Structures are given as structure tokens and as C-alpha cells.
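Report on the structure given below.
Chain letters run A, B, ... following the sequence lines, proteins first, then strands; residues in each count from 1. It should be emphasised that the depicted structure is a prediction, and the values quoted were computed from it without experimental measurement.
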There are 4 protein chains.
Amino acid sequence: MSPRRRNAEGAAAARAARRTELLGTAAEVFAARGYAATTVREVADAAGMLGGSLYYHFDSKESMIDEILSGFLTALWRDYDAVLARGGGAEQTLRGLVTASFQAIDRDRPAVVLYQNEAKHLASNPRFGYLAESGARFREMWTGLLEQGSRDGSFRADLDAPVVYRFIRDTVWLAAGWYRPGGRLSPDEIAEQYLALVLEGIRGR
Amino acid sequence: MSPRRRNAEGAAAARAARRTELLGTAAEVFAARGYAATTVREVADAAGMLGGSLYYHFDSKESMIDEILSGFLTALWRDYDAVLARGGGAEQTLRGLVTASFQAIDRDRPAVVLYQNEAKHLASNPRFGYLAESGARFREMWTGLLEQGSRDGSFRADLDAPVVYRFIRDTVWLAAGWYRPGGRLSPDEIAEQYLALVLEGIRGR
Amino acid sequence: MSPRRRNAEGAAAARAARRTELLGTAAEVFAARGYAATTVREVADAAGMLGGSLYYHFDSKESMIDEILSGFLTALWRDYDAVLARGGGAEQTLRGLVTASFQAIDRDRPAVVLYQNEAKHLASNPRFGYLAESGARFREMWTGLLEQGSRDGSFRADLDAPVVYRFIRDTVWLAAGWYRPGGRLSPDEIAEQYLALVLEGIRGR
Amino acid sequence: MSPRRRNAEGAAAARAARRTELLGTAAEVFAARGYAATTVREVADAAGMLGGSLYYHFDSKESMIDEILSGFLTALWRDYDAVLARGGGAEQTLRGLVTASFQAIDRDRPAVVLYQNEAKHLASNPRFGYLAESGARFREMWTGLLEQGSRDGSFRADLDAPVVYRFIRDTVWLAAGWYRPGGRLSPDEIAEQYLALVLEGIRGR
DNA sequence: CATGAATGAGCGTTCATTCAT
DNA sequence: CATGAATGAACGCTCATTCAT
């Protein structure tokens with residue numbers, strides 16, 4: 001490998017690292033203020049540069065949130081697919097999916113917030129068609145799991161799968177609204193607390 | 001009563017009715033597109049008038065969402081207070097609050113959506129200080145209820161009140177995201193389904 | 001004269017009186033805030049009616065200031081012409097013109113203020129062509145008077161007529177900026193003070 | 001001095017120069033059309049740019065006239081203070097002040113026009129409090145000078161200082177209404193003409 | 001005569017985006 | 001890579017004006 005080649009690779013890596021860093025900043029600002037209400041100047045300020053300079057790295061404001069969301073979903077599905085690949089019973093799979101979700105919140109909270117708050121509005125834009133696709137896969141995965149667990153006795157037999165699916169789906173992401181990394185509970189512990197609630201309910205026995 | 005007096009009253013009533021009508025339209029559009037992303041022209045279009053005409057009725061775009069949210073919260077607390085005034089055990093009160101919440105979703109879904117999506121961003125504006133106040137009252141009401149029920153055996157003794165409070169708070173409003181009035185389930189039936197989940201959990205016995 | 005005829009005349013007179021009253025109000029508001037910066041709502045408020053109602057009386061905002069200024073100039077030239085018709089020496093005529101001007105200020109201060117502040121901007125509008133005409137007549141009157149007085153020894157022989165004309169012209173209207181009706185000096189006394197300054201200067205002898 | 005430092009200084013200087021240039025253009029347009037009647041697009045047109053582009057340089061239309069007027073008054077008082085510091089008799093000081101005023105008109109006529117036409121309306125805005133302050137200083141300076149000259153025999157003993165102050169104050173700025181730079185008379189010569197009138201009056205001896 | 005609701009053009013301002021340097 | 005000046009479309013809002021009542 002020539003030194004020239006090595007330099008070029010180093011530059012490309014540095015460039016990718018800078019993009020990732022800027023996207024992290026953008027995600028934080030978008031999540032804090034809302035995507036539509038955030039100006040690219042605010043993102044640039046947070047990144048320590050001027051508004052126009054962001055356009056060296058990104059085509060548009062839209063491409064930033066696109067990259068944030070698509071990156072988040074790619075990583076998320078990698079984890080979900082690993083859980084599904086592990087096999088096991090319905091409850092075990094459910095535990096795995098919920099835990100993976102809380103880990104995703106821990107890993108990239110701003111992206112989760114954006115996904116919750118903005119996905120619905122963005123979905124009408126063809127560019128963000130993958131949001132609807134991901135949502136459909138999500139629904140199929142969960143209703144399938146719930147129906148299987150309901151049949152095999154893992155879950156209550158009278159579960160209304162669509163209702164419980166929505167309940168779980170939303171519940172899973174809610175923690176992003178108040179979770180603060182480095183708090184007293186680790187993501188896995190929080191997952192346990194939530195699972196206890198969801199699986200057992202709150203009624204005294 | 002003089003005819004003049006009657007006319008003045010009629011005009012005031014008609015004006016109030018028009019405001020309410022326009023606020024309903026505005027709430028729908030804000031909820032559908034997001035407050036920041038909605039232009040006043042879009043609201044006006046939906047109301048069948050020109051952008052500037054809205055300003056005969058309202059001071060600003062901000063005053064519209066202000067009136068929507070404050071009106072929503074006022075009506076909501078009227079219902080909550082009625083439930084609390086009825087007394088009864090912790091589970092009964094919880095059932096009453098959840099049912100009142102689902103009725104509020106049925107009555108004014110767009111306002112609930114706005115409350116969920118925009119309250120956090122608006123709260124930093126002094127004009128919307130009442131959002132934080134209402135949130136604090138909400139937290140006190142729920143944590144008090146949960147702790148009482150936990151002590152008297154209505155609920156599990158090991159409940160983590162702050163965690164469960166957030167869980168309930170968010171769960172309660174989630175249905176606004178997908179509920180469609182006139183669907184197969186009435187608000188009270190949906191409330192029952194949710195209560196079953198929350199109280200019993202989903203695990204098979 | 002039939003009673004019907006008398007009624008019609010009475011109605012026309014009442015209408016004219018109302019117009020005059022409204023124009024007086026409009027002139028005050030225009031003078032206080034500036035014509036362009038004044039909204040017709042502000043004029044209407046001051047007149048105790050709603051914005052749209054003014055349009056029963058006047059075609060437009062522009063027609064209001066038109067009527068104010070043309071009425072002011074008509075009355076002013078009536079007075080100036082009376083002074084000129086009296087004849088007499090240059091100083092006596094100058095005293096008459098200055099006194100008539102201060103009386104005009106006393107009679108309709110807002111119109112004088114508007115004339116000073118707005119005439120220059122309005123003059124480019126063909127509708128206000130009479131402003132330029134009046135200004136030209138004014139210049140001819142004054143330069144003629146000054147040159148005559150300079151020749152016959154009433155005024156200094158070395159007077160630069162165009163310079164002094166502008167000086168007098170502007171001086172004459174300045175008092176409108178600070179004059180308050182009902183103050184300690186009558187218009188005629190103020191005229192005397194100004195004339196003493198203009199005729200004798202301020203240097204000690 | 002490092003090259004970097006030199007560049008930064010050059011950029012700051014260039015920026016300041018551009019601001020000054022734009023403010024000069026704005027002052028001309030405001031003076032010609034009136035501040036309220038001028039649109040920022042008209043200012044931008046005159047500056048060869050689009051309306052929105054002005055906001056790169058200035059916060060608002062109001063901040064433009066603010067900077068024009070405050071800059072004008074700062075420079076004016078620098079000159080006045082220099083005259084006062086020179087000392088000398090009352091007549092000499094009066095001559096110095098009047099000459100400085102005509103030089104200010106020559107230097108920045110649009111600012112003088114704006115000061116005359118807009119100061120009164122702007123003064124009610126707290127942002128322009130310095131206008132009233134400057135006016136008060138102006139009054140104290142002139143009435144003090146006139147009273148002193150009246151006592152020591154430089155001016156007529158029967159001078160009514162407040163009346164003459166207003167007369168001088170207004171007279172001094174009137175020339176801005178018709179003065180054209182590069183005309184047949186220099187600012188100092190115009191000052192001489194005005195001083196002859198004011199000091200001696202126009203009456204023949 | 002006056003009201004009150006609406007119009008529609010245009011205003012001051014914002015902001016995503018471009019590009020020469 | 002980043003800057004800084006500019007663009008141009010669109011935004012929230014104002015206001016002179018209209019007109020049915």
C-alpha cells in the first residue's frame with residue numbers, strides 16, 4: 001500500500017468522523033428544539049462554525065435528519081435481528097427486544113426523540129419512505145410475537161394484539177423523553193423495571 | 001331585556017362561536033403538520049379564509065396555540081377534579097382518571113396531540129408557564145395516588161412511584177396518536193382495554 | 001321653502017359639520033404620529049368609531065389629508081390676499097403676512113404641522129399638484145415684496161432675496177412645532193416677537 | 001503583527017466600511033421618502049441588494065435609523081464641544097456653533113433631515129432616549145449662551161432667551177431642507193449669510 | 001350611519017442555501 | 001475547510017379598503 005493511498009484513507013476516515021460528530025450535534029439540537037423550529041445556524045453554532053459552512057458537509061438540512069434517522073434505524077434493526085436470530089420463547093424474545101430498545105435510547109437518545117417527534121410528519125416525503133417500511137416491519141414483528149406468545153401460553157390468551165402492539169411500541173420509546181445517561185439506573189435496569197410493569201401489571205396480588 | 005342588549009349578546013356569542021370554530025381548525029392543522037412547520041396561511045386555507053383574516057380574530061399564531069392548550073387543560077382539570085371529588089379507593093380513582101383522559105382524547109384529539117408534541121418546547125416561553133404548573137399538579141396527583149394505593153394494597157407494594165407515574169402519564173396520552181373518533185371502540189371501552197393491561201400486565205397466568 | 005327642503009339642507013349641513021369634525025380629528029392624529037405612520041384605525045379610534053366606518057365619510061386615507069391641506073391653503077390664501085389688497089409699504093405688508101401666518105397656526109395648528117412635514121413627500125403625487133402651485137405663489141409673493149422693500153429702503157439694500165425668502169418662509173411656520181393654543185402669548189403677540197427678531201436681529205446696539 | 005491578525009483587522013475594517021456605506025444609502029432614502037413611508041426593499045434597491053440581505057448587516061429597520069441618528073449626534077457634539085472649549089465671547093461662540101451646524105449639514109445632510117423630521121416621533125421610543133437628552137443639552141447650551149450675551153451687552157438686553165433659542169435652533173437646521181452640496185455657496189459662506197440675518201435683522205438703517 | 005368580518009397587497013423579517021475567497 | 005456576504009422564497013403580520021347587515 002503506497003503512502004499516498006494511506007493518506008487518502010486517513011482523510012476519508014477523518015471526514016467520516018467529522019460527519020458523525022456533526023450529525024451528533026445536529027441531532028441534539030434538533031431533538032431539543034424540534035426539527036422545524038431549529039435553524040441551521042443554531043446547529044452550526046453548536047458545532048462551532050458558521051451556517052454556510054455546514055453545506056460543505058451536508059447537502060441540506062433535510063439530508064442531516066435523513067442521515068440521523070436512517071443511521072439510527074439501521075443500527076436498531078441490526079440489534080433486533082440479532083435478538084430474533086437468537087431464537088427462544090416469546091417472553092425471552094420480548095425481553096430481548098425491549099432491552100435492545102433501551103440500549104438504543106442509551107446509545108443515541110436524540111435520534112430516538114427525533115424518531116418519535118418527527119417521523120410522522122416526515123413520512124409524507126418520499127425521501128423518507130424507509131420510515132414507513134420500518135414501521136411496517138416493526139408492526140409485523142410485534143404482532144407476530146404477541147400472537148405466538150398468546151397461543152403458546154406465554155402471554156394472556158385474551159390479548160388484543162394490535163392494541164398491545166401499539167402499547168408496547170409507544171411504551172418502549174417513551175423513556176427517551178426523560179432518560180438521562182449516567183443516571184442511577186443503567187439501560188438494562190430500566191428495561192427490567194419496564195418489563196416488570198408490562199408483564200405483571202400494577203395490581204396488587 | 002332591550003332588543004339592543006339582546007343583539008349585543010348575540011353578536012358576542014356569535015363571535016365566541018367563530019373563535020371556537022377557528023381554533024378547532026387551527027388545532028387540527030397544527031396537530032397534523034406540527035406547530036412550527038404550519039404556516040398561518042395553511043390554517044387560514046383550512047378555515048376558508050386568507051392568511052391576514054385570521055388576525056381579526058387572534059393576535060398571533062402563538063395566541064392560537066395558547067388558547068387551544070389552555071382551554072384544553074382547563075376542561076381536563078375540571079374533569080380530573082370531579083373524579084377526585086368523588087372519592088373512593090385508589091383503583092377506582094385511577095380508573096376514573098384514565099377514563100376521563102380517554103374521554104378528553106375523544107373530545108379534542110388535536111389538542112392532546114399538540115399537548116404531547118409541543119408542550120415541552122413551548123414551556124420555555126413565560127407565556128406558557130401554565131404548562132409547567134399543570135405538569136407539576138399532574139405529577140403530584142399521580143404519585144400521591146400511586147403511593148396511597150401501594151400502601152393500602154390496591155397496587156403492588158414494590159411500585160416505584162416516579163417510574164410508574166411517568167409510565168401512566170405517557171401511556172394515557174398515547175392513544176391520541178392513533179385513536180380515530182367513530183372507530184369500533186368507544187373511549188370508555190378503550191379505557192377498559194388499557195386499564196386491563198396496566199393493572200394486570202400481559203403475562204399469562 | 002318647503003319643510004322637506006329645509007330638512008334636506010339641515011341634513012347636508014350636519015353632514016358637512018361631521019366631515020369637518022372628523023377632519024379635525026384626523027389632522028390631529030396625522031400631525032402627532034406622522035401621516036404614513038398613522039393607521040386609519042387610529043384616526044377612527046380618536047373619532048370614536050371603527051376603522052371601516054370612516055369610509056362612509058371619505059374615499060380614502062389620502063383624501064383625508066388632501067382635504068385637510070387644500071382647506072388649509074384655501075383659507076390661508078384668503079387671508080394673504082386680504083393683506084395684499086390692503087396695500088401699504090413693504091414693512092407693513094410683511095407684518096401683515098407674518099401676523100396672518102401666526103393666526104393660521106393658532107387656528108389650525110395640526111394642518112400647519114402636516115403642511116410642513118408631509119407636503120414635500122406628497123408633492124410628487126399629481127393629486128397634490130396644488131401644493132407646488134401654492135409654493136410657487138408663495139415664493140413670488142415674498143421675493144417680490146423683499147425686492148421692493150430693498151429698493152425703497154424699507155429693508156437692507158444688500159438683502160439676498162432668495163436666501164431671505166427661504167429664511168422667512170421657514171421661520172414663519174416654525175412656531176407650529178412648539179406653539180400651544182391658550183399659552184401666555186396670543187398669536188399676535190408671538191408675531192410681534194418674531195417680527196422684532198427678524199427685523200432688528202439680535203445684536204446689541 | 002501576524003498576517004492572521006492583519007487579515008482579521010482588515011475584515012473588521014471592511015465590514016465597518018460597508019456598514020457606513022449602507023447607512024449612508026439608507027439615510028438618503030429615508031430622508032427623501034420619510035422613514036415610515038420607506039420600505040426596506042427601497043433601501044436595499046438603492047444599495048443594489050435584496051431586501052433580506054440588509055439583515056446580514058443590521059438587526060432591523062429601526063436599528064438603521066438609530067445608528068444614523070446616534071452617529072450624527074455624536075459627531076455633532078464633538079464639534080460643538082470643540083467650539084465651547086475654544087472659549088471667547090458670546091458672539092464668537094454663537095458664530096462658532098452656527099458654523100459648526102452648517103458644516104454638519106454639509107457633511108451629512110440626510111442625517112440632519114432625518115433628525116428634523118423623525119426625531120419627534122421616535123423620541124417616545126425608549127431606544128431613542130438619547131434624542132431627548134441631546135435636545136435638553138442643546139437647550140441648556142443655547143439659553144445659557146444667549147443669557148450671558150444678553151447680560152454682557154453682546155446681544156440685545158431685551159432678548160427672550162427661550163423664544164430666541166427656539167428661533168436659532170430651528171433656523172440652524174432649516175438649511176438642510178434646501179442646501180445642495182457643491183452649490184454656489186460653501187457651508188461657511190452660508191453660515192455667514194445666516195449670521196448676518198440673525199445678528200442684524202433685515203430692516204434698513 | 002356604523003359595524004364587523006373579510007380581503008389582498010405588501011411590509012419587516014427569517015432562513016435555507018449558494019459561492020467567491 | 002471555513003468564512004462571510006448575498007440570494008430569494010416564504011413567513012408572520014399589518015393595514016387600507018370593501019361590503020353585507
Side-chain angles (χ1 to χ4, degrees), chain A residues 11 14-15 18-19 22 36-44 47-64, chain B residues 7-8 10-12 14-15 18-19 22 36-44 47-64, chain C residues 11 14-15 18-19 22 36-44 47-64, chain D residues 7-8 10-12 14-15 18-19 22 36-44 47-64:
Chain A
R15 185 191 191 111
R18 186 81 172 106
R19 277 179 77 87
L22 290 172
T38 301
T39 70
V40 331
R41 267 197 75 160
E42 286 168 338
V43 174
M49 52 172 62
L50 292 178
S53 306
L54 278 176
Y55 286 80
Y56 176 81
H57 301 277
F58 303 100
D59 284 346
S60 64
K61 184 186 177 187
E62 199 179 69
S63 79
M64 293 184 215
Chain B
N7 281 351
R15 190 192 190 106
R18 187 76 173 109
R19 277 179 80 84
L22 292 171
T38 302
T39 71
V40 322
R41 278 166 180 85
E42 284 168 341
V43 174
M49 52 171 57
L50 291 173
S53 305
L54 280 175
Y55 288 81
Y56 180 79
H57 301 278
F58 304 100
D59 283 345
S60 64
K61 184 188 178 188
E62 196 181 71
S63 79
M64 293 184 215
Chain C
R15 186 193 191 110
R18 187 81 172 103
R19 278 178 77 86
L22 290 172
T38 301
T39 70
V40 335
R41 269 197 76 160
E42 285 168 338
V43 173
M49 53 172 60
L50 292 177
S53 306
L54 276 177
Y55 287 79
Y56 177 80
H57 301 278
F58 303 100
D59 284 347
S60 65
K61 184 187 178 188
E62 198 180 68
S63 78
M64 294 184 215
Chain D
N7 281 352
R15 191 192 190 107
R18 187 78 173 109
R19 276 179 79 85
L22 290 170
T38 301
T39 71
V40 323
R41 279 167 179 83
E42 284 168 340
V43 173
M49 51 170 57
L50 291 173
S53 305
L54 279 175
Y55 288 81
Y56 180 79
H57 301 278
F58 303 101
D59 284 344
S60 64
K61 184 188 177 188
E62 197 180 71
S63 79
M64 293 184 215

Select from C:Thr38 and D:His57 the residue whose nearest nucleotide in DNA chain F is closer to the 5' end of that strand. D:His57
Whichever of C:Gly51 and D:Gly48 has its nearest DNA chain F nucleotide further upstream toward 5': D:Gly48
Over all strands shown, is [X] touching base, sugar-phosphate only, or nothing at heavy-atom distances under 4.0 angstrom?
X: B:Arg41; result: base
X: C:Val40; result: base
X: A:Ser63; result: nothing
X: D:Thr39; result: sugar-phosphate

A correct dot-bracket answer for DNA chain E, with pairs being Watson-Crick or G-U at under 3.5 Å, [ ] for crossing pairs and | for inter-strand pairs, is .||||||||||||||||||||
Reading DNA chain E 5' to 3', which nucleotide is the first, and which the last, to come under 4.0 Å of any heavy atom in chain C? E:dC1 to E:dG4
Counting only heavy atoms not in B:Arg19, do more than 12 sit closer than 6.0 Å to its CZ atom? yes
First encountered from the 5' end of DNA chain E, between A:Gly52 and B:Leu22: B:Leu22
For D:Tyr55 and for B:Tyr56, find the nucleotide of DNA chain E with the closest heavy atom, then tell me which residue's nucleotide is more 5'. B:Tyr56
Nearest whole angstrom, please: distance from the P of F:dA10 to the NZ of A:Lys61. 15 Å
Provide, to the nearest angstrom, the distance between the CG atom belonging to B:Leu54 and the P atom belonging to F:dT14. 12 Å
Quick one: [atom1] on [X] to [atom2] on [Y], what's the gap to the nearest 0.5 Å?
X: A:Thr38; Y: A:Lys61; atom1: OG1; atom2: NZ; answer: 6.0 Å
X: B:Leu22; Y: B:Met49; atom1: CG; atom2: CE; answer: 5.0 Å
X: A:Arg41; Y: A:Leu50; atom1: CZ; atom2: CG; answer: 7.5 Å

Shortest non-hydrogen separation from A:Ser60 to A:Tyr55 and the atoms involved: CA-CE2, 3.9 Å
